[in-house]
*Asks:* 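Structure incoming, see below.
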Amino acid sequence: MTAAIEVRAVEKRFGNVSVIRDLNLSVAKGERHAIIGPNGAGKSTTFNLISGHIRPSSGEVRLNGAVISGLRPFEINRRGLSRSFQVTNVFSRMTVWENVRCAVLWATGHRYAFWKNVDSLPEVRERTAEILDDIHLTHRRDVPAGLLTYAEQRELEIGVTIASGATVVMLDEPTAGMSNAETERAVALIRRLTEGRTLVIVEHDMSVVFGLADRISVLVYGHIIASGTPEEIRRDPKVREAYLGEEAH
Amino acid sequence: MTAAATPASPLSAKPAGSHLRFYALWLLGIAVLIILPLLFSSGGSLTSFSLIGIAIVFALSYNILLGQTGLLSFGHAVHYGLGGFAASHMMNAVVAHGWPLPLPFIPLFGGLGGLAFAILLGWVMTKRAGTVFAMISLGIGELVASSSLILRSVFGGEAGITTDRTTLPRMFGWTFGPQLQVYYLIAFWLVLSAIAMYALTRTPLGRISNAVRDNPERVQFIGYDPHVVRYLAYCFAGFFAGVAGGLAAISFEIANSAYLGAIQSGLVLFSTFIGGTAYFFGPILGAILVTYLQLGLTSLTSVWQLYFGIIFIGIVMFSPGGIAGLLMMHRPLILAGTFGMMIPSYLLAIVPTAALACGVILTIETVARYSGGDAINLFGVAFNPQSPVTWAVAAVLVVGGFFIARSTWQRIAEAWDRAATVARDRGYLA
């Protein structure tokens, strides 16, 4: 079976500095895959390389078997990969409803249409309502996204990310800055919403990672030093030394 | 949880009243346009209304860029001007070839002229937003404006292209000689354009334009190319600016380089911003006010641009949402029934604020007219700019007015806090 995401020998240099070296990563379809690593290891850069935000200096990225490295973000998105951002990244002056609806429009085939009334597209309305319901923000639908609480904005971000119906969803630190209760809620949300999809997640909270992920990759200095099930990662001496060991202090 | 949430925010079933109110508002606007010339029928006011109508179409087209897509253009008059030239050439061609095309269709060709240029150059211009776009628009604006003086065969040089609107084939027996008929022609196109531009905000493209304005990076990750979105918005803005230019060409029976220049581009930016970019009706208010001021102030004072500058700075600093933003700020208070708490503090502030304004006007006029010695007529009171009495009055009004006004503004702020707190408690304010 072809992998959902296949990263082969990807390297990213900024000038003379190599931030990602010989990166190899394979995420099977339907898998929940977490990328962990110390600060500055290149986790967000890896996300950016896969989602087309930045281009690899060498190597290739494949989505469902097709090469996507070099494509632009919206082209990659149209092929079924969607991502969220570490810093909350919503359409702040638009309402919650409009945020989600914008994310639904391309996938429902309305594209750049300027001859249709956006309020009278039944499938768009239903899909938007469904997603708002899923992320529990129906009661906040008419509030500008910029006025939501932080946790709500993070949930909206997840809603916008899955709204296009992407088969591969990448979430960059979705629970960062949340309280324990909020984190629990968010994890339940992510678990439910990514059912039947492939999930790649970057996360610092180890309880989230080990509770959610089927497989984990450990990134240190732009290189993946280990990849495996949570149990294998927990036992791996290299990982304990590079990462989990520090965590214990 | 949805069961509890749904009644509070019904998905599609907006109250029927809001739909009715919405259509009533549009019908009211149309009714006003029809009735206006019956109330003010002098030639001067008809000309003013015509200019205001043109300015509204132009400002609304500009807001497709600024308010809806987040593109700050310093060269929007290019489309207005080229629309004017396209309409003028079309009018002359209709007359020369005897085509059966009546005058009311001419603005469409103005629009096509504006659109053609947008299609041609827009792709390159909208590649980037922000400062890059602003600078390119400035450059293109200057380029076209200076070309208009060089390329004489197209733009007619200094003299421009003149036309005679009455020589076109008639429609309903209207010659479009009298200003009244021209006014109704402009009003017709104003309504048509305003409805079309409003409808545009309610389409998938319109909403994605808003998303591009808010966050072009994120848009890419919901499948859209922000460049394409900006380009399409630019083309629409170019088209409607061209319509406005075409209407101007009909109204003035001339198109010349002044249509295309930086002053015209600045004026539309000014109108749109003062009116408020966040609401559809903002640019309408701005265009009405600015055109009215422009017509009124030029006859009263030689330094009218200075007043424009002061108004602009005041709006930018104290009310970045423009007049529309200022008005709509009160909406939650009115809905919550707490607006009444504001009225006493507003009334209290009127007199000292007006005194301060009079002081500023007197100061400006004194400086402007000192060497000439022309008398100042401030709301019917005469002042001699060279007399120390005038200087003293101005100083007292400015200093005294400012200190008293400032304390009344403080009261407004306090009253606002109280009114807003109650409105928030009642759930009308987030």
Side-chain angles (χ1 to χ4, degrees), chain A residues 51-53 72-78 81-85 89-94 97-99 101-108 110-122 124-126 128-129 132-133 136-148 157 160-161 163-164, chain B residues 1-14 19 22 64 67-68 70 196-233 235-236 239 277-279 321 424 427-430:
Chain A
S51 64
H53 207 63
R72 289 186 289 171
F74 56 88
E75 293 168 324
I76 294 172
N77 180 267
R78 289 172 198 171
L81 182 145
S82 187
R83 68 164 291 186
S84 75
F85 290 80
N89 212 341
V90 291
F91 306 116
S92 54
R93 284 166 65 187
M94 301 170 78
W97 172 265
E98 285 179 341
N99 265 270
R101 185 170 63 182
C102 278
V104 168
L105 284 173
W106 187 275
T108 45
H110 297 293
R111 307 188 169 202
Y112 302 106
F114 50 80
W115 53 89
K116 300 173 183 170
N117 182 345
V118 73
D119 293 321
S120 52
L121 303 169
V124 171
R125 193 164 55 220
E126 279 159 26
T128 308
L132 280 189
D133 205 23
H136 303 315
L137 284 178
T138 305
H139 63 297
R140 302 282 268 166
R141 54 164 282 171
D142 294 322
V143 178
L147 297 181
L148 294 177
E157 169 99 48
V160 168
T161 306
S164 65
Chain B
M1 98 141 261
T2 29
T6 310
S9 51
L11 283 186
S12 54
K14 276 191 174 171
H19 274 288
F22 170 78
I64 296 176
Q68 281 145 31
M197 284 188 266
Y198 182 76
L200 181 65
T201 67
R202 311 266 303 238
T203 63
L205 177 68
R207 292 308 152 121
I208 291 296
S209 299
N210 295 164
V212 167
R213 171 198 67 198
D214 280 8
N215 197 338
E217 184 192 46
R218 192 71 177 90
V219 167
Q220 301 200 47
F221 295 94
I222 57 171
Y224 282 90
D225 183 353
H227 185 192
V228 173
V229 176
R230 283 194 291 263
Y231 177 60
L232 291 173
C235 288
F236 275 102
F239 175 80
T277 58
Y279 297 95
R424 205 165 288 131
Y428 287 97
L429 206 62

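Naming: A, B, ... by sequence-line order, numbering from 1 per chain. As the structure is a prediction and not an experimental result, all values here were calculated from the model.
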*Asks:* Checking heavy atoms, do the side chain of A:Ser51, its backbone, both or neither come under 4.5 Å from chain B?
*Replies:*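 Contact with chain B is through both the backbone and side chain of A:Ser51.
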
*Asks:* Can any side-chain N or O of B:Tyr224 pair as donor or acceptor with the backbone N or O of A:Arg111 at less than 3.5 Å?
*Replies:*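 Indeed, once roles are kept as given, a pair shorter than 3.5 Å links the two residues.
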
*Asks:* Would you say A:Val124 and B:Pro204 make side-chain contact, with heavy atoms under 4.5 Å?
*Replies:*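 Result no, sub-4.5 Å side-chain heavy-atom pair not found.
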
*Asks:* Which region of A:Leu121, side chain (C-beta onward) or backbone (N, CA, C, O), has a non-hydrogen atom less than 4.5 Å from a non-hydrogen atom of chain B, or is it both or neither?
*Replies:*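 When you check distances to chain B, only side chain atoms of A:Leu121 fall under 4.5 Å.
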
*Asks:* Taking side chain as everything from C-beta outward and backbone as N, CA, C, O, which of these in B:Val219 sits under 4.5 Å from a heavy atom of chain A? Side chain, backbone, both or neither.
*Replies:*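 Looking at B:Val219, backbone and side chain both touch chain A.
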
*Asks:* Which residue out of A:Cys102, A:Ala103, A:Ser164 racks up the most heavy-atom pairs below 4.5 Å with chain B?
*Replies:*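 Ranked by contacts with chain B, first place is A:Cys102.
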
*Asks:* Testing the basics here: between B:Arg213 and A:Met94, what is the closest heavy-atom pair and its distance to 0.1 Å?
*Replies:*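 For B:Arg213 versus A:Met94, the nearest heavy atoms are NH2-CG, 4.1 Å.
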
*Asks:* Check whether any side-chain heavy atom of A:His53 sits under 4.5 Å from a side-chain heavy atom of B:Gln220, and report yes or no.
*Replies:*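 A side-chain contact is absent here, since even the closest heavy-atom pair is not under 4.5 Å.
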
*Asks:* Has the side chain of B:Arg202 got a donor or acceptor atom that lies under 3.5 Å from a matching backbone atom of A:Val118?
*Replies:*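 Between the backbone of A:Val118 and the side chain of B:Arg202 there is no qualifying donor-acceptor contact (under 3.5 Å).
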
*Asks:* Among all residues two or more places apart in sequence or in another chain, which pass the side chain to side chain contact (heavy atoms under 4.5 Å, CB included) test with A:Glu126?
*Replies:*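 For A:Glu126 the side chain to side chain contact (heavy atoms under 4.5 Å, CB included) partners, ignoring immediate neighbours, are A:Pro122.
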
*Asks:* Would you call A:Trp115 and B:Thr203 a side-chain contact if the rule is heavy atoms closer than 4.5 Å?
*Replies:*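 A side-chain contact under 4.5 Å is absent here.
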
*Asks:* Can you tell me how far apart CZ (B:Arg207) and CZ (A:Phe91) are? Round to the nearest 0.5 Å.
*Replies:*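 Separation between the atoms: 13.5 Å.
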
*Asks:* So A:Thr161 and B:Arg218, do their side chains get closer than 4.5 Å, heavy atoms only?
*Replies:*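 In contact.
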
*Asks:* Can you check whether B:Ile222 reaches A:Trp106 side chain to side chain, under 4.5 Å on heavy atoms?
*Replies:*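 They are not in side-chain contact.
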
*Asks:* Can you name the closest pair of heavy atoms from A:Tyr112 and B:Leu205 and give their distance?
*Replies:*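 A:Tyr112 and B:Leu205 have their closest heavy atoms at O-CB, 3.5 Å.
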
*Asks:* Considering non-hydrogen atoms only, spot the tightest contact between A:Ser82 and B:Phe221 and give its length.
*Replies:*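 Heavy atoms only, the tightest pair is OG-O, 3.9 Å.
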
*Asks:* Between the main-chain N or O of A:Val90 and the side-chain N or O of B:Asn215, is there a donor-acceptor pair closer than 3.5 Å?
*Replies:*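 Here the side-chain-to-backbone pair exists.
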
*Asks:* Go through A:Ile76, A:Asp119, A:Asn89, A:Leu105 and name the one with the most non-hydrogen pairs under 4.5 angstrom from chain B.
*Replies:*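 Among A:Ile76, A:Asp119, A:Asn89, A:Leu105, the one with the most close pairs to chain B is A:Asn89.
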
*Asks:* Side-chain contact test, heavy atoms from C-beta onward, threshold under 4.5 Å: evaluate it for A:Arg93 versus B:Asn210 and give yes or no.
*Replies:*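 Sidechains of B:Asn210 and A:Arg93: no contact.
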
